[in-house]
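Please read the structure below before turning to the comments.
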Amino acid sequence: MSAFIQYTLQGLATGGFYALAALGLAVIFGVMGVVNFSHGAMYMLGAVGSAVLLDVADIPFWGALVIVPILLFLFGVLVERLLVRWLLTLDPLYNFLLTFGLTLLIVDLVKRKYGVSGLPYELPAGLEGRVSIGGLSLSSYQLFAAFFSVVLCVAVWMLLTKTRIGMIVRASTEDAERTRALGINVGRWVTPVFGFGIALAGVAGVLAAPFRAITADMGSNFIIILFAVVVIGGLGSILGAVVAGFLVGLVEAYGQAYAPSYAQVLIFVLMAAVVLVRPAGLFGREEAS
């Protein structure tokens with residue numbers, strides 16, 4: 001029983017990375033109609049940025065958790081203003097190819113600067129040990145990562161559902177054309193929404209840095225699983241991105257524990273099963289299928 005709880009905690013911590021990044025991907029797709037293939041690279045930049053800040057400026061994990069998302073928000077704004085917006089009126093395939101090319105460029109630049117071996121990064125101060133609850137011994141950092149991810153997802157959910165800005169973004173995500181018809185300038189929100197989505201991927205990268213290998217290629221496998229997450233949850237669905245993120249994290253953790261040879265396969269089996277039963281995803285609209 002204790003082992004099962006440990007795997008569940010590990011799954012929630014991993015699912016938190018998926019939920020945060022998928023949430024950003026869902027918002028970007030909903031408002032802009034852009035399938036951002038560079039999301040995995042932004043996740044990688046979050047982890048690499050944490051390691052660089054620690055090495056160059058001696059800024060620890062807690063500082064990186066604030067600074068890196070802000071820097072990636074600004075980087076996302078720059079990418080949207082200089083590149084993405086010029087292709088919004090064209091076939092969505094063009095922006096997909098653009099973000100794919102951006103991924104290759106970012107990964108190559110990181111490899112040239114820091115090599116292909118992993119960058120060192122220690123567990124943050126105060127979270128190095130383990131917490132004993134009854135007969136269980138749980139990783140302090142995994143407890144923190146799972147709790148922080150849930151709290152941040154709830155905070156973003158509250159922002160999107162309880163504020164005027166959030167309501168505009170949510171309406172644009174669900175139906176951009178009808179939102180425009182109500183007199184709301186959807187284009188005004190495009191740039192900050194893209195930056196916000198990139199920042200969430202950066203937060204996921206910072207959280208992953210202490211116990212994942214920090215390499216230039218760490219986003220390659222991540223983006224594949226991330227697309228499985230948004231398909232399961234429903235492409236463009238904010239709630240679906242969060243629920244599916246944690247669900248996929250649990251499936252992956254249980255798979256690694258009980259069927260390690262099929263851990264990754266189980267995620268895509270789940271995706272196929274969901275698509276067969278509900279093509280739009282768990283929380284997606286039928287027309288989006």
Side-chain angles (χ1 to χ4, degrees), residues 1-24 40 42-55 57-73 118-159 196 198-215 218-219 222 225-226 229 241-257:
M1 185 63 181
S2 60
F4 179 80
I5 296 176
Q6 177 65 49
Y7 301 143
T8 300
L9 176 62
Q10 180 182 334
L12 290 175
T14 302
F17 310 150
Y18 295 147
L20 288 172
L23 184 58
M42 302 306 175
Y43 161 81
M44 178 269 293
L45 285 179
V48 170
S50 302
V52 171
L53 286 176
L54 182 62
D55 180 59
D58 200 29
I59 296 176
F61 170 83
W62 305 109
L65 199 56
V66 175
I67 295 172
V68 170
I70 293 174
L71 292 177
L72 282 176
F73 172 83
L119 297 173
Y121 201 81
E122 298 180 353
L123 287 169
L127 297 176
E128 306 97 333
R130 303 183 72 81
V131 176
S132 296
I133 304 175
L136 300 176
S137 179
L138 306 174
S139 166
S140 298
Y141 183 75
Q142 287 187 348
L143 276 172
F144 164 77
F147 177 76
F148 183 84
S149 299
V150 171
V151 169
L152 187 56
C153 285
V154 171
V156 173
W157 175 255
M158 294 293 288
L159 173 68
F196 179 70
I198 297 301
L200 287 176
V203 173
V206 175
L207 288 175
F211 72 101
R212 291 288 178 95
I214 304 176
T215 68
M218 67 183 295
F222 184 81
I225 297 177
L226 199 59
V229 170
V242 175
V243 173
F246 284 104
L247 179 61
V248 167
L250 290 171
V251 169
E252 182 178 3
Y254 295 145
Q256 290 174 347

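Model, not experiment: these values are computed from the prediction. Computation of the quantities below employed the complete heavy-atom set of this structure, encompassing side-chain atoms and omitting hydrogens, waters and symmetry-equivalent molecules. Position 1 is the first residue of the sequence; numbering continues from there.
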Separation between [atom1] of [X] and [atom2] of [Y], rounded to the nearest 0.5 Å:
X: M44; Y: F222; atom1: CE; atom2: CZ; result: 12.0 Å
X: Y18; Y: I225; atom1: OH; atom2: CD1; result: 3.5 Å
X: T14; Y: L250; atom1: OG1; atom2: CG; result: 9.0 Å
X: L152; Y: L200; atom1: CG; atom2: CG; result: 6.5 Å

Query - Qualifying side-chain hydrogen bond (donor to acceptor under 3.5 Å, both in side chains) pairs, either residue in residues 42-55, two or more places apart - result: none
**Report entry** Of all pairs that satisfy side-chain hydrogen bond (donor to acceptor under 3.5 Å, both in side chains), the ones with a partner from residues 145-154, not counting sequence neighbours
**Finding:** none
Query - Candidate pair V242 and V156, rule side chain to side chain contact (heavy atoms under 4.5 Å, CB included), full reasoning - result: CA-CA 10 Å; V242 175; V156 173; over 6 Å; no
Query raised in the report: Residues two or more places apart in sequence or in another chain: which of them pass side-chain hydrogen bond (donor to acceptor under 3.5 Å, both in side chains) with T8?
Result: Y254
Query raised in the report: Shortest non-hydrogen contact from I214 to A51?
Result: CD1-CB, 4.2 Å
**Report entry** Over all atoms of both residues, closest heavy-atom pair of A146 and L12
**Finding:** CB-CB, 3.9 Å
Can you name the residues that form a side-chain contact (heavy atoms from CB on, under 4.5 Å) with [X], not counting sequence neighbours?
X: V150; answer: V154, F246
X: A22; answer: L226, V229, V230, A241
X: I59; answer: L53, A57, I67

Requested in this report: Would you indicate whether the side-chain heavy atoms of V203 and V68 approach each other to under 4.5 Å?
Outcome: no
[X]: partners by ring-ring contact (aromatic ring centres under 6.0 Å, His included), with sequence neighbours left out:
X: F148; value: F144
X: F73; value: none
X: W157; value: none

Side-chain donor-acceptor pairs under 3.5 Å in residues 119-127, sequence neighbours left out?
from : atom 1 : to  : atom 2 : distance (Å)
Y121 : OH     : F61 : N      : 3.4

